[in-house]
Amino acid sequence: MDSSIRKKLQTLIVAITGCTACFVTGTAVADQQNTLSANIQQIDIPKTSHSINIDGELTDRGWQDAVTIDLDIVNYPWNNRKSPINTTAKMVEDGEYLYISFLASDPDPDNIQAILSDRDKTWADDIVGIKIDPKNTRRTSYDFFVNPYGVQNDQVSNEITGDSSDLWDGIWASYGKITEAGYQVEMAIPFNILKFVETNDKKSWAFELSRQYPRDTRLRISHVPLDRNNACWLCQYPVAVGFEDAKVENDLTITPSIVASFDQQRDVYSPSSDWRDEEDFEAGVDIRWGIDANTLVNATINPDFSTVESDAGQLNVNTTNSLFYAEKRPFFLENSDYFESQLDLVYTRNIADPDYGAKLTGSSSAHTYGVFFVQDTETNFLMPGNLSDEIASLNQESHSGVLRYRYDYQQSLSIGAISTLRKSDDYHNYVAGFDTKYKLDDNNTFRATWLGSSTEYPDELFQDFCYDDDCQEIPTDCSFGNCGYTEQVNRARKDGEFSDDAFVIKYNHDSEFWELGLEHQNIGEDFRADMGFISAIDLKTNDVKVARKFYGTDNSFWQEAKISGEWQEKKNQNGELIADVYKASYSTDGPLQSQFEINYTYADRVGLRHDDTLLAIDGNTDQFTEKLFEVFGGAQLTSDIYFDLAVKVGDKIDYSNNRLGDIVEYGSTLEWYFGDHLKTTFGYVNSKLDADGADVYDAHLLDSRITYQFNVQSYIRFSAVYQDVKRNQANYLYNNVNRRAKNLGTQLIYAYKLNPQTVFFLGYSDNSFQDDDLTSLERNERTFFTKLSYAWR
């Protein structure tokens, strides 16, 4: 870095944070890392030859060989104060499994916050577990946690991106039981689901044991004191030493599956229409082969890539952007963190119905790599823009692939390369680039990404985004969509192959009292990343965030508070302003595990284009000033009841009519446990927009789910997602809309899960809708389905 630039940046950080030691020399960084390594605590993990049964009882002979670790430090939200309750853990291994037990005492077990549930649904419960980094690179950790009933929660946390994903599901064993003194848990984690350097020597794995104790305040209890002035907690963990015989041998899992469905559809506009039946029966197989502890091969043939369970409801009104849905399919979730990057370059929900796929992920020393490819019977991707985006769909087969590589130099520098590709008959999109992360010290980090793309569209693709009969000829009068043109017609109207690039630079400072984020993005007009979820192109963005954190005293009713400010500017590649946004926020916690947040946003934004045949902003759009006030509050009212409420009021652009409107929006969530087995969740959103002295729309969304959990393995669940959107047709200036649109989707499903891959589903789902041509909700689809898969190991 140029010395003058470095000096200016240092001056800026000192002025904002008061941290005169935020920048250190390269030698100082190395010295800090050497000091850290020297200070890292080492805990020897014994090996036992005695068996341990995972049954919640801690009387097996193998536990007598274990090392005992006391969890007696509250490192969040308290600053490494002594824990008010006792927690004792034991650790031992046998060459194949790492065994961990917890004795979690509680002065009043009736207040334990827990319920029988499906896996990964009890992160808010009382839980105990381990975060472990078997490679000891301080880059990635596997997190395994269990609630008092033995319900498993697992995830992969990535220090490079700062993200955690509980969509990953490992196959491991656990058992929990509540006692008169609290609860106790046993865990057995097989080495073959971890990634580590496979040698015959002793191994050092970074780890932390922790307990979440949610009462009036949610306490994070650990055996490790954590410096809140160091943003990297994983860097501070001690190491578990041992595991000489830990190997991955013959780690082969073959999971055949059978899926059968009976679908019915009918034309609800024809009263005499009969149901049209369609039966489908599919057999497939998934193969998982751990070649060694660092190399994994996944393959799938004729997979069932259905999500089985319905996605959460989302209200889709007054927005110009497509909805994002999380991935749930096992083939893509295994080692998905290998493919993460600063930008959303890999969005596997774009892959709809593949016939086959294969994936290789692995690491060697400082090198990490991953590659996968699939053959898809459909071709779906986002057609981006700078004011809106839409989904493109080609009725043709395609091949998709991703390649990822990363080199880690010590703990300070990571350099990576990534490439994605999609190709069909007359379409392709190729993306390639590199990214890097440089950690100056414990508090300061730089990230940078550069990408280039090459794309070719089918000649007539642009017609898919034309709302008129034909957009072949560019009309002379196209004011506010009168000609059926959209931004995506322009973005898709390309002759031959075209290319462009994108880059993003980020700087982050994260210390005990201050946070600072600086970011610049430049996404070219012809840049495309069709394997990902990049909805905005032709855009230059500058973003500055500053936050000051405060901490309560021993007698405070709150533990931590934050006040922050943000400025964001968006322009197109010609330098024309799209948005200029200022945001102020305040957040704090309180009694009953409560969270409170208040935000105020002042933004100058552009609305619709006057002439959609032109991509210009200046002289082709109107600018509006939004002023939005938002409040959020949530609390654990009792150990069985959680409730939150969010409210938004102010001035908001009416995107359908290109004017400023008044919005009132509120939403709430209620979770209620009835005993140990029954859980109900209700989510409600109401959004109401007025403009020109009259209402524009009044939209309601209700997402309700009722689950009865028989035991850890099986449950039955009913879900219903209901939407009701009322529109004032007289107050829509440019488009004909339905006065009322209703939609109701329901699902009843029984599930039995021996593990994430050995499952049985039996269910029914249907869909009903109503518009101005129907007097009531009419069912137009219904499906009976079953799925059976078994993991042979």
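Nothing here was measured: the structure is a model prediction, and the numbers come from that model.
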Taking [X] for its side chain and [Y] for its backbone only, find out whether a donor-acceptor pair lies under 3.5 Å.
X      : Y      : value
Arg609 : Leu615 : yes
Arg228 : Pro77  : yes
Arg404 : Glu340 : yes
Asn620 : Ala616 : yes
Lys549 : Ser511 : yes
Asp133 : Ser141 : no
Asp442 : Asn230 : no
Glu487 : Asn386 : yes
Asp644 : Thr669 : yes
Ser365 : His367 : no

[X] side chain to [Y] side chain, donor-acceptor N/O pair below 3.5 angstrom:
X      : Y      : answer
Tyr582 : Gln568 : no
Thr625 : Asp604 : yes
Asp543 : Thr541 : no
Ser164 : Ser157 : yes
Gln155 : Asp143 : yes
Tyr507 : Asn444 : yes
Asp227 : Trp233 : no
Glu597 : Asn599 : yes
Tyr237 : Glu208 : yes

What closest approach, in Å, do [X] and [Y] show between heavy atoms, and which atom pair accounts for it?
X      : Y      : answer
Asn429 : Met531 : OD1-N, 4.3 Å
Tyr369 : Ser363 : CE2-N, 3.7 Å
Ile523 : Ala502 : CD1-CB, 3.6 Å
Thr613 : Asp611 : OG1-OD1, 2.6 Å

In this structure, is the centre-to-centre distance between the rings of Phe513 and Phe550 below 6.0 Å?
no
Does Tyr142 have its ring centroid less than 6.0 Å away from the ring centroid of Trp168?
yes
Is it true that atom CD1 of Ile391 has more than 12 heavy atoms of other residues, nucleotides or ligands lying nearer than 6.0 Å?
no
May I ask you to decide if the ring planes of Phe372 and Phe332 are parallel, tilted or perpendicular, using 30° and 60° as cut-offs?
perpendicular
Parallel under 30°, tilted from 30 to 60°, perpendicular over 60°: which one fits the rings of Phe381 and Tyr457?
parallel
Name the one of Arg138, Lys437, Arg139, Lys135 that satisfies salt bridge (charged side-chain N to carboxylate O under 4.0 Å, His left out) with Asp408?
Arg139
